[in-house]
Amino acid sequence: MNQGLFISIEGPEGAGKTTIINLLASLLGDEGFQVVVTREPGGIEIAEQIRGVILNKENTAMDARTEALLYAAARRQHLVEKVRPSLVDGKIILCDRFIDSSLAYQGYARGLGIDEVLSINQFAIEDMMPSLTLYFDLDPEIGLDRISKNSGREVNRLDLENLEFHQRVREGYLLLTERFPERIVKIDSSKEIEQVLQEAREKIGQLITKLRP
Ligand SMILES: Nc1ncnc2c1ncn2[C@@H]1O[C@H](COP(=O)(O)OP(=O)(O)OP(=O)(O)O)[C@@H](O)[C@H]1O
Ligand SMILES: Cc1cn([C@H]2C[C@H](O)[C@@H](COP(=O)(O)O)O2)c(=O)[nH]c1=O
């Protein structure tokens, strides 16, 4: 039985996902909620190993379908080992990226097809979807500029794709917000961090009343 709350946070590179997740976790923790911060691909040992393979800059020969399958495999393991048990324990899970990243990056931007990528992911996740997805919308030029100034962040294989690719990622996300309006909420992440945080906290608000400690 799921008693917690599964929330995914999505958006292009540099949209502010990690920044806002950490601030949200701190806010919600102060309010007495048990919060798990995690990420995809990764979050547990096996999935972090898969992350290493996918994002390795040397792996330039990686086929798009191989890439999609590796993301789905990492997702499966992470779900089984971390997301599901945390939900059963009644925790709020803030997950930095989930299935919509695969739909936007592999399905749309790589051109594999949103429905094709959805179908391999349905095998991986069965029926485990987030109750809410916060999509941080940002012009990729601004996002790439932000991460280029963040010297602590390692550049990965996906970052090295050209601007057109990152623009398609954004288009893909925008299509997803139209397709799944009951789940995905769009937030303008070109605003100041405090404003983005406040909006994200408000969107989570209605859902967490039942978990209030
Ligand atoms: N609203 C904002 N306005 C200006 N700068 C921001 C904002 N949000 C985050 N930043 C800065 O942008 C950079 C990228 O932020 P962050 O790492 O949170 O993005 P991200 O979406 O997690 O990126 P990625 O998915 O590419 O790792 C950081 O240096 C962060 O301080
Ligand atoms: C889950 C997932 C991720 N990606 C891409 C998106 C980013 O370019 C990297 C992850 O790096 P981050 O700094 O942790 O955001 O992987 C993807 O293409 N497909 C996916 O399913």
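Remember, it's 1-based here, ligands and their atoms both numbered in the order they're listed.
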Please determine, by modelled atom types, if [X] and [Y] share a side-chain donor-acceptor pair under 3.5 angstrom.
X      : Y      : value
Glu194 : Gln198 : no
Gln106 : Tyr71  : no
Arg157 : Asn59  : no

Between Asn156 and Lys57 the two heavy atoms that sit nearest each other are C-CG, 3.9 Å

Please write down residue, atom name and distance for the protein heavy atom closest to [atom].
atom                    : value
atom 8 (O) of ligand 2  : Glu13 OE2, 2.8 Å
atom 21 (O) of ligand 2 : Ser102 OG, 2.5 Å
atom 3 (C) of ligand 2  : Tyr71 CE2, 3.3 Å
atom 1 (C) of ligand 2  : Arg75 NH2, 3.5 Å
atom 12 (P) of ligand 2 : Arg51 NH2, 3.7 Å
atom 15 (O) of ligand 2 : Arg97 NE, 2.7 Å
atom 19 (N) of ligand 2 : Gln106 OE1, 2.8 Å

Taking distance alone, with N or O pairs closer than 3.5 Å, would you say [X] contacts ligand 1?
X      : answer
Gly16  : yes
Arg146 : yes
Ala15  : yes

Go through ligand 1 atom by atom and flag the ones less than 4.0 Å from a non-hydrogen atom of [X].
X      : result
Glu13  : 26 (O)
Asn150 : 28 (C), 29 (O)
Lys17  : 18 (O), 19 (O), 20 (P), 21 (O), 22 (O), 23 (O), 24 (P), 25 (O)
Thr19  : 9 (C), 15 (O), 16 (P), 18 (O), 30 (C)
Ser189 : 1 (N)
Arg153 : 24 (P), 26 (O), 27 (O)

Side chains of [X] and [Y], heavy atoms from C-beta outward: is any pair under 4.5 Å?
X      : Y      : answer
Val117 : Arg110 : no
Arg183 : Asp100 : yes
Leu176 : Tyr108 : no
Ile7   : Pro130 : no
Gln122 : Ile99  : no
Leu27  : Leu197 : yes

Should the proximity of [X] to ligand 1, defined as any heavy atom under 4.0 Å, be assigned to the side chain, the backbone, both, or neither?
X      : result
Ile193 : both
Arg97  : side chain
Ser190 : neither

Identify, by atom number and element, the atoms of ligand 2 in contact range of [X], meaning under 4.0 Å from any of its heavy atoms.
X      : result
Arg153 : 13 (O)
Glu40  : 1 (C)
Asn156 : 11 (O)
Ser101 : 1 (C), 2 (C), 3 (C), 19 (N), 20 (C), 21 (O)

Test side-chain contact (heavy atoms from CB on, under 4.5 Å) applied to Glu67 and Ile54, Leu112, Val53, the passing residue: Ile54

Check: residues 18-26 side-chain donor-acceptor pairs under 3.5 Å, at least two apart:
| residue | atom | partner | partner atom | Å |
| --- | --- | --- | --- | --- |
| Thr18 | OG1 | Asp96 | OD2 | 3.1 |
| Asn22 | ND2 | Thr18 | O | 3.3 |

Are Gly14 and ligand 1 in contact, using a heavy-atom cut-off of under 4.0 Å? yes

May I ask whether Lys191 places a heavy atom under 4.0 Å from ligand 1? yes

Taking Asp89 for the side chain and Lys91 for the main chain, is one N or O donor matched with an acceptor at less than 3.5 Å? no

When you measure from the side chain of Lys17 to the backbone of Gly11, do you find a donor-acceptor pair of N or O atoms at a distance under 3.5 Å? yes

Just let me know how Asp96 lines up against ligand 2, side chain, backbone, both or neither, with a heavy-atom cut-off below 4.0 Å. neither

Around atom CZ of Arg153, are there more than 12 heavy atoms of other residues, nucleotides or ligands at under 6.0 Å? yes

